[in-house]
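Here's the structure, in structure tokens; my notes come after.
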Amino acid sequence: MNNFEEAEKRLGYTFKDKQLLKRALTLASASDKNNQLLEFFGDAILEFVVSERIFSEGISEGELTEMRKTLVSDAALTPVSERLGLDKFLIRGKQDNLNKKAVPSAYEAVTAAIYLDGGMDSAKKFVLSTLDFSADKPLVNYKGELQELLQGSGQPVPEYNRRDIGTPQRHIFKVTLNIFGKTFEAQADSVKEAEQLTAKSALAYYNGRKQK
């Protein structure tokens with residue numbers, strides 16, 4: 001299926017140069033004018049846009065690197081590409097139906113094509129509106145680390161007090177934890193995330209006290 005008008009509708013972007021879109025969707029098995037270079041370029045653009053998006057998370061460089069790696073991995077890009085229908089729009093050579101890498105790579109190639117056709121603002125808008133940033137969550141299991149710390153020193157498992165302080169339209173969960181002679185609390189859209197953030201604060205306090 002190579003209906004470029006439908007592809008543009010799904011992408012939310014109309015190309016001035018339709019050949020760029022065609023090339024972004026063409027695999028090496030189909031033509032020498034394929035998307036391999038666009039894929040290479042798109043990977044770099046994608047890393048920049050994602051890095052800029054998560055830069056203000058307030059976590060360490062190592063955590064940011066892991067977060068970016070997760071967001072731009074094939075595992076993350078494949079469902080995004082499929083949701084956009086890129087797997088259906090790909091131009092493949094005969095007998096080429098087993099190239100699974102082609103699906104996430106198409107997203108990278110399209111990102112580069114949009115950049116070349118409409119500039120960085122257009123590419124950024126595309127990425128931020130289509131990429132699944134639900135992976136943009138704490139990658140470290142702070143609750144697990146805190147529990148191991150306490151159990152290792154013979155202390156009981158921490159008890160998290162949870163309360164919904166939001167509205168029926170938008171839930172906001174406040175979690176409180178009394179530990180180390182202090183009270184730690186955090187708020188988030190989900191109980192799980194609020195608990196992780198609370199445990200993170202408690203661990204930061206413990207590690208800071210230990211270093212003094």
Side-chain angles (χ1 to χ4, degrees), residues 10 12 43 46-87 100 103-104 107-108 111 124-212:
R10 297 288 294 273
D43 179 61
L46 192 56
E47 286 208 357
F48 170 76
V49 174
V50 170
S51 296
E52 185 179 60
R53 164 66 171 74
I54 66 176
F55 177 73
S56 60
E57 289 292 327
I59 57 179
S60 69
E61 180 185 352
E63 289 174 304
L64 284 172
T65 300
E66 286 302 311
M67 186 180 291
R68 180 180 63 194
K69 185 177 177 182
T70 298
L71 286 165
V72 302
S73 67
D74 285 355
L77 295 182
T78 295
V80 179
S81 285
E82 291 175 342
R83 188 167 67 247
L84 293 170
L86 295 182
D87 54 324
K100 294 182 180 180
V103 178
Y107 183 88
E108 296 170 334
T111 298
K124 190 180 296 185
K125 181 180 179 181
F126 168 70
V127 172
L128 296 179
S129 64
T130 58
L131 197 62
D132 184 8
F133 280 94
S134 64
D136 183 8
K137 302 295 178 189
L139 301 178
V140 179
N141 184 1
Y142 297 108
K143 280 186 66 179
E145 285 190 10
L146 182 59
Q147 185 169 319
E148 286 183 17
L149 172 66
L150 295 173
Q151 289 179 328
S153 57
Q155 300 182 57
V157 174
E159 293 186 10
Y160 297 87
N161 299 306
R162 310 164 185 88
R163 189 157 59 97
D164 187 348
I165 61 173
T167 65
Q169 291 75 32
R170 188 194 172 200
H171 296 287
I172 299 176
F173 297 95
K174 181 178 181 180
V175 171
T176 305
L177 176 64
N178 295 305
I179 196 172
F180 305 137
K182 287 179 64 68
T183 298
F184 301 92
E185 63 181 38
Q187 299 176 16
D189 294 338
S190 70
V191 172
K192 182 177 179 180
E193 186 177 357
E195 288 178 345
Q196 288 282 1
L197 292 172
T198 304
K200 180 181 179 181
S201 296
L203 282 168
Y205 170 78
Y206 175 83
N207 292 327
R209 189 180 64 175
K210 188 172 65 173
Q211 292 173 3
K212 290 182 179 180

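Along the sequence shown, residues carry numbers from 1. Keep in mind that what you see is a predicted model, and the values were worked out from it rather than measured. Values reported hereafter were calculated over all heavy atoms of this structure, with side chains retained and with hydrogens, waters and symmetry mates removed.
- Interatomic distance, OG1 of Thr65 versus CD of Glu47, reported as 9.5 Å (0.5 Å rounding).
- The distance from the OG1 atom of Thr111 to the NZ atom of Lys124 is 13.5 Å, given to the nearest 0.5 Å.
- Atoms OG1 and CZ, from Thr176 and Phe184 in turn, are 11.5 Å apart once rounded to the nearest 0.5 Å.
- A donor-acceptor pair under 3.5 Å links the side-chain atoms of Gln196 to the main chain of Tyr142, judged by distance alone.
- Using a 4.5 Å heavy-atom threshold, the side chains of Leu149 and Glu145 count as separate.
- When every heavy atom of Gln147 is checked against every heavy atom of Val157, the shortest pair comes out as OE1-CG1, 3.9 Å.
- When side chains are defined from C-beta on, Arg162 counts as touching Glu195, because their heavy atoms get closer than 4.5 Å.
- Arg68 approaches Ser51 most closely through the heavy-atom pair NH1-OG, 2.9 Å.
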Without placing hydrogens or testing angles, list every side-chain donor-acceptor pair under 3.5 Å for residues 77-84, not counting sequence neighbours.
from	atom 1	to	atom 2	distance (Å)
Thr78	OG1	Asp74	O	2.7
Ser81	OG	Leu77	O	3.3
Ser81	OG	Val103	O	2.9
Arg83	NH2	Thr130	O	3.0

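- Among all heavy-atom pairs drawn from Asp43 and Glu108, the shortest one is OD1-OE2, 3.4 Å.
- We find the OH-CZ distance between Tyr205 and Phe180 to be 8.5 Å, quoted to the nearest 0.5 Å.
- When all heavy atoms of Ala194 and Ala188 are compared, the pair lying nearest together is N-CB, 3.6 Å.
- Taking the six-membered ring for Trp and the full ring otherwise, the centers of Tyr107 and Phe126 sit less than 6.0 Å from each other.
- Contact annotation: the side chain of Val175 never approaches that of Leu197 to less than 4.5 Å [non-hydrogen atoms, C-beta and beyond].
- Ile179 places a side-chain heavy atom less than 4.5 Å from the side chain of Leu150.
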- Query: Please walk me through it: do Leu146 and Leu177 pass side chain to side chain contact (heavy atoms under 4.5 Å, CB included)?
  - Reply: CA-CA 11 Å; Leu146 182 59; Leu177 176 64; 3.7 Å; yes
